[in-house]
Amino acid sequence: ASMVAPTLVNPWLGLLSLLPLIGFWGVTKGYGQLSQRYRDLSDLHGFVGRVGRSLDLDEIVHSAVTEVAALLRAARAGIVVFDRRGESRRSDVGLPLPQLPSSPADEAWADVFLAGEAVALAPDDGPLAELAAVGNVLVAPVGDGESLVGLIVVAERQGARDHFRSNDLT
């Protein structure tokens with residue numbers, strides 16, 4: 001009887017032996033989450049630093065769409081910025097996306113503009129069906145606190161997660 005495993009003698013010892021494993025798993029998971037939050041913060045501050053170097057709007061728009069595409073691992077991305085004169089500036093990464101708005105008054109985009117946050121387009125999204133047909137598409141209006149100043153659209157995510165979630169741009 002001296003050669004019997006302790007967990008066979010008393011089943012509670014088996015449960016007790018799981019405590020260190022559960023503790024180790026919890027610490028590892030917490031570290032992973034903390035590490036990811038640090039990387040996200042670092043990416044965000046790096047993004048602001050890289051985009052904010054220039055005062056030329058065309059350069060800022062191009063830098064912003066390039067950085068967004070890289071951070072979200074998107075094969076295609078587009079950004080449209082509306083100025084105070086009603087003109088728009090557009091920049092794309094990858095193949096240009098169809099149906100991007102030319103003004104904040106574009107009726108096809110009214111629901112997105114009113115949402116005020118990132119929205120995933122459904123394949124049957126009415127007036128935006130051509131854009132939604134591209135595949136996995138996430139759109140986010142960009143405001144300055146008072147009004148709408150632009151729109152960011154990302155599509156075709158690459159990598160381990162091949163789809164966007166609405167919190168990817170928050």
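Open room surrounds CD on Glu107; 12 or fewer heavy atoms of other groups in view lie less than 6.0 Å from it.
The CZ atom of Phe82 lies 10.5 Å from the CZ atom of Arg90; values are rounded to the nearest 0.5 Å. Rounded to the nearest 0.5 angstrom, Leu128 CG and Asp111 CG are separated by 8.5 Å. Here the NE2 atom belonging to His62 is positioned 14.5 Å from the CZ atom belonging to Arg89, to the nearest 0.5 angstrom. The line from OG of Ser63 to CD1 of Ile79 is 10.0 Å long, rounded to the nearest 0.5 Å.
Looking at heavy atoms from C-beta onward, Val137 lies out of side-chain contact with Val154 at the 4.5 angstrom threshold. Ile152 is listed as a side-chain neighbour of Val142, based on a closest heavy-atom distance under 4.5 Å.
Smallest separation of non-hydrogen atoms from Ala155 and Ala74: O-CB, 3.6 Å. Of all heavy-atom pairs between Asp106 and Phe113, the closest is O-CE1, 4.3 Å. Between Val112 and Pro141, the shortest heavy-atom distance links the atoms O-CG, 3.5 Å.
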Tabulate below the donor-acceptor pairs under 3.5 Å that side-chain atoms of residues 93-103 make, not counting sequence neighbours, or state none.
unit_1: Gln99; atom_1: OE1; unit_2: Glu130; atom_2: N; d: 3.2
unit_1: Gln99; atom_1: OE1; unit_2: Leu131; atom_2: N; d: 2.9
unit_1: Gln99; atom_1: NE2; unit_2: Pro127; atom_2: O; d: 2.6
unit_1: Ser103; atom_1: OG; unit_2: Ala105; atom_2: N; d: 3.2

Determine all donor-acceptor pairs shorter than 3.5 Å in which one atom belongs to a side chain in residues 19-30; sequence neighbours excluded.
unit_1: Thr28; atom_1: OG1; unit_2: Phe24; atom_2: O; d: 2.9

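For the side-chain contact (heavy atoms from CB on, under 4.5 Å) criterion with Ser88, the lone passing option out of Val81, Val80, Leu151 is Val80.
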